[in-house]
Amino acid sequence: TGIGYSITDKTGDISSRERCPQVKGLESMANLVRSVEETPDPIPTTIKGTVPAWINGSFLRNGPGKFEFGKERYTHWFDGMAMMHRFHICDGDVTYSSRFLRSDSYVRNSEKDRIVVSEFGTLAMPDPCKNIFARFFSRFQVPKTTDNASVNFVKYKGDYYVSTETNYMRRIDPQNLETKEKVDWSQYIAVNSATAHPHYDREGASYNMGNSYGKSGFFYNIIRVPPPEEKAAEVDSADLSGAKVICSIAATESRKPSYYHSFVMSENYIVFVEQPIKLDLLKFMLYRIQGKSFHKVMTWEPQHDTVFHLVNRHTGKESEVKYRAAPMFALHQINAFEDNGFLVMDMCCGDDGAVIGDFTLENLRREAGEEMDKFYNSLCRNLPRRYVLPLNVDEQTPLDQNLVTSPNYTATAKMTKPGEVYMNHEELHNDELLQYGGLEFPQINYESFNGRPYRYFYACGFGHVFSDSLLKMDVHTKELKVWRYPGLYPSEPVFVASPKATEEDDGVVLSVIITPREEKGTFLLVLDAKTFTELGRAEVPVNIPYGTHGVFNMMG
């Protein structure tokens, strides 16, 4: 890597960014974050190579697709209006369609032809037609929460929804991408938001996390939505009935709770990672009055440790032991599993949580070369880490000795005082990964290996501000397989198991590839998951912007 750095488990003071090589001569990404038209009726694609005939279903993707209304423009990438994409795959053939989510935000902005609903990084300005008093007082109203659900496709009780990180989701018809009713979590349970990354157990129940705050403080709540009922199929309406909070975890600082994007689940446990990216609630109340956008209320406070809260998934009881680690920032979990008295947690981690506010459209649209290089080289790099929590800790546990006794792991955990365990992670990679700029958007063979011991995960390598490679990581050997070509930018890789699979990586990996170099140069890539070589591609004759997350929806 040209850095002359050997990896130990404690990376010392060298940040993940400093360990990756500096890059020169990056191309412009402006074309990947521009508004596009929707394609509501499925259109054919051109197949090169072969798409295996056994793949039968739809690859559904989500992400921002419209960045202005009238003369007004959004400032942050997350603010763009949600656009849903569907690649329908059947008998080796692929069609493509896309639709904007008809959220209240989208509809109201369209009617007025300007931005009237505030988003993560863009504050909607008061209506210029109102008189000065009405405009002044409108600043004191708490802004209505957006239902622009542009992050992921999720499933509750057998129904598909698109979601973001507010209390609103939208039910979606996965066949034609039609927008159905708006669902407010707070109508079902006492939470005012939920993540866009639920987990699912083998019985069909869904788990998520949401916040609540009141007189007694700020709480992170673990939510369980039961599996679908037999009669559910007969009724075409959203149903979150039976949802309940199974555990409430008090925030360490009630006025400055942590931001979180996802959480960890194994067969018997849920772990909430309280990280030192803080939301300043006082600033949050004031930001409307001061005319600041929401991403300004988040701060990276590395003077605080990361705290792992361990909860029994079946009883909802939180462990009295507090597990701590050095400050780190994680958006996405890879997997977690139990192994003889230990809980092994793999996640993508960085050393600098200031990154979220950086993804402004101004930064992402910087010119090629020096401007773009400077921005990219300043960004945090996320690398895969493994933390190992000893589960059997009590008053008899000795202080200051490594409790991770399994020879399989080099991560350590020591009890520093009664009821507190301090953990040092193991690097889940070798030096080779650094030249790909670290990784993000991890995916596994979720259906068969979520919460269980596993060997492989798939991810995007970040040699640019948007991913420029696909990676397959073997967590046993830490070896990489790589798909990377200049000018091609892949989306999150999604694994689809072959119908008669006997091995973990028997199947394909799907990813949407876009390029700023040519108009309408998009294609759906199908890789053999085992060899990580291309089987085929389906070329789409329209432009697609860079997206966030997706799922594969099997057809019967």
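- G550 approaches Q443 most closely through the heavy-atom pair O-NE2, 4.4 Å.
- The main-chain N or O of N445 is never found under 3.5 Å from a side-chain atom of Y456 such that the two would form a donor-acceptor pair.
- Using a 4.0 Å cut-off between charged nitrogen and carboxylate oxygen, R17 and D351 do not count as a salt-bridge pair.
- Remark: the backbone N or O of T410 is paired with a side-chain donor or acceptor of E426 at under 3.5 angstrom.
- Closest of all the heavy-atom pairs between M372 and R366 is CE-O, 3.8 Å.
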Fill in: Verdict with reasoning, Y485 to I513, per side-chain contact (heavy atoms from CB on, under 4.5 Å)
CA-CA 11 Å; Y485 293 93; I513 314 294; over 6 Å; no
Item to complete: Please report the C-alpha distance between H549 and F441 in whole Å, then the side-chain angles of each, then the deciding distance to 0.1 Å, and finally whether the ring pair (Phe, Tyr, Trp, His ring centres under 6.0 Å) criterion is met.
Response: CA-CA 8 Å; H549 297 287; F441 292 145; 5.2 Å; yes
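- Of the options F263, Y387, Y323, Y260, a ring-ring contact (aromatic ring centres under 6.0 Å, His included) to F308 is made by Y387 and by none of the others.
- At distances below 3.5 Å, not a single donor-acceptor pair connects side-chain atoms of R324 with backbone N or O atoms of E420.
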Practice prompt. Output, in order, the C-alpha distance, side-chain angles, deciding distance and verdict of side-chain contact (heavy atoms from CB on, under 4.5 Å) for F466 and W77.
Written response: CA-CA 12 Å; F466 286 138; W77 180 54; 4.2 Å; yes
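- At distances below 3.5 Å, at least one donor-acceptor pair connects side-chain atoms of Q275 with backbone N or O atoms of Y259.
- Under a 3.5 Å cut-off, the side chain of N152 and the backbone N or O of H197 do not form any donor-acceptor pair.
- Surrounding CG of N340 are at most 12 heavy atoms belonging to other residues, nucleotides or ligands under 6.0 Å away.
- For S491 against S511, the heavy-atom pair with the smallest separation is O-OG, 2.7 Å.
- Counting heavy-atom neighbours within 6.0 Å of E447 CD, excluding the residue itself, gives a total of 12 or less.
- In this structure, F272 and H309 have parallel ring planes: the angle between them is below the 30° cut-off, well short of the 60° mark.
- Using bins of under 30°, 30° to 60° and over 60° for the plane-to-plane angle, the ring pair W300/F329 lands in the perpendicular bin.
- Using the six-membered ring where Trp is involved, Y458 and F532 have ring planes that are parallel, under 30° apart on the 30 and 60° scheme.
- Using modelled atom types, one finds a donor on one side chain and an acceptor on the other under 3.5 Å when comparing Y207 with R313.
- In terms of heavy-atom proximity, I334 sits nearest to I444 at O-CG2, 3.8 Å.
- F120 and H76 have perpendicular rings, their planes meeting at more than 60° on a 0 to 90° scale where under 30° would count as parallel.
- In terms of modelled atom types and a separation under 3.5 Å, the side chain of N430 and the main chain of E432 share a donor-acceptor contact.
- Of the possible polar contacts, one joining the E274 side chain to the T252 backbone as a donor-acceptor pair under 3.5 Å is found.
- Under the 3.5 Å distance criterion, with hydrogens and angles disregarded, a donor-acceptor pair is assigned to the side chains of D506 and S498.
- When all heavy atoms of A413 and N402 are compared, the closest pair comes out as N-OD1, 3.2 Å.
- The neighbour count for E370 CD, taken as heavy atoms of other residues, nucleotides or ligands under 6.0 Å away, does not exceed 12.
- Of the possible donor and acceptor atoms, one in the side chain of S406 sits under 3.5 Å from a partner among the backbone N and O of N408.
- Under 3.5 Å, the side chains of S448 and Y454 contain no donor-acceptor pair of N or O atoms.
- Listed for the Y200 side chain is a donor-acceptor partner under 3.5 Å among the backbone atoms of K155.
- In this structure, D400 and T416 approach most closely via the heavy-atom pair OD1-CA, 4.1 Å.
- A salt bridge (charged side-chain N to carboxylate O under 4.0 Å, His left out) with D346 is found for one member of K478, R455, R386 and no other, namely R386.
- N208 and T195 share a side-chain donor-acceptor pair at under 3.5 Å.
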